[in-house]
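Reckoned from all heavy atoms, side chains included, excluding hydrogens, waters and symmetry mates.
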Amino acid sequence: VRLEESGGGSVQAGGSLTLSCAPTQYSVLYNNYMAWFRQSPGKEREGVATIRRDGLTEYAESVKGRFTISKDIDKNLLILLMNDLKPEDTGTYYCAGPWSSRTQLSGGLTSAAYDYWGQGTHVTVSS
């Protein structure tokens with residue numbers, strides 16, 4: 001299993017970016033949940049957004065109303081649309097998913113619930 005993120009880059013505050021996660025040998029449709037995490041300089045990795053198999057989503061308070069997580073079933077992609085970006089959104093963004101053997105319906109924004117991780121894509125937001 002491999003998760004490959006793309007779409008990172010440098011933008012000015014207020015701008016937008018769309019991140020994609022392309023899993024290999026892993027289905028965004030059939031796994032119970034997937035998520036985006038980020039790690040900002042000098043900070044621990046934090047959960048940003050998660051989506052359940054039934055489409056229910058959960059967001060970190062800091063990104064609510066600005067970020068949208070979704071799945072492109074046809075292309076087997078996990079998407080993170082980021083609008084109104086702020087300098088504090090700067091960091092490396094990671095796609096994550098659970099082992100198929102996990103039975104819980106949701107992993108929330110806790111990294112311990114996720115077993116597969118991508119290498120990350122970097123986002124820089126300048127003021």
So do [Y] and [X] actually touch side chain to side chain, heavy atoms under 4.5 Å?
X    : Y    : result
L19  : M82  : yes
E46  : R38  : yes
W36  : I69  : yes
T121 : Y94  : no
D115 : R102 : yes
L85  : N83  : no
S62  : E88  : no
Y93  : E5   : no

For the pair Y26 and Y116, name the ring-plane relationship: parallel under 30°, tilted 30 to 60°, perpendicular over 60°.
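Plane angle over 60°, so perpendicular.
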Measure from the side-chain N and O atoms of [X] to the backbone N and O of [Y], and report whether any donor-acceptor pair falls under 3.5 Å.
X    : Y    : value
T90  : V125 : yes
D84  : G15  : no
S27  : Y30  : yes
S106 : G108 : yes

For the residue pair [X] and [Y], what are the closest heavy atoms and their distance?
X   : Y    : value
A35 : L78  : O-CD2, 3.8 Å
T92 : G120 : CG2-CA, 3.8 Å
V28 : N76  : N-OD1, 2.9 Å
N31 : P98  : OD1-O, 3.9 Å
L80 : A49  : CD1-CB, 4.2 Å
P87 : A13  : CD-CB, 4.1 Å

Is the closest side-chain donor-acceptor distance between Y33 and R52 under 3.5 Å?
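Result is no, nothing qualifies.
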Any link between V1 and L29 through a network of hydrophobic side chains (Ile, Leu, Val, Met, Phe, Trp, Tyr) touching at under 4.5 Å?
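Yes, V1 connects to L29 through the hydrophobic network.
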To the nearest 0.5 Å, what is the distance between [atom1] on [X] and [atom2] on [Y]?
X    : Y    : atom1 : atom2 : answer
E4   : C21  : CD    : SG    : 9.0 Å
C95  : Q119 : SG    : CD    : 11.5 Å
T18  : F67  : OG1   : CZ    : 10.5 Å
T57  : K71  : OG1   : NZ    : 10.5 Å
S126 : K86  : OG    : NZ    : 15.5 Å

Tell me who clusters with I79, hydrophobic residues only, linked when side chains sit under 4.5 Å apart either directly or through other members.
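I79 clusters with L77.
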F37: what forms a ring-ring contact (aromatic ring centres under 6.0 Å, His included) with it, not counting sequence neighbours?
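Residues passing ring-ring contact (aromatic ring centres under 6.0 Å, His included) with F37: Y114, W117.
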Out of the candidates I51, L109, V48, T68, only one should pair with Y59 under the side chain to side chain contact (heavy atoms under 4.5 Å, CB included) rule; please name it.
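The passing option is T68.
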Atom CD of residue position Q104 - does it have more than 12 heavy atoms of other residues, nucleotides or ligands inside 6.0 Å?
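Counting other residues, nucleotides and ligands, CD of Q104 exceeds 12 neighbours.
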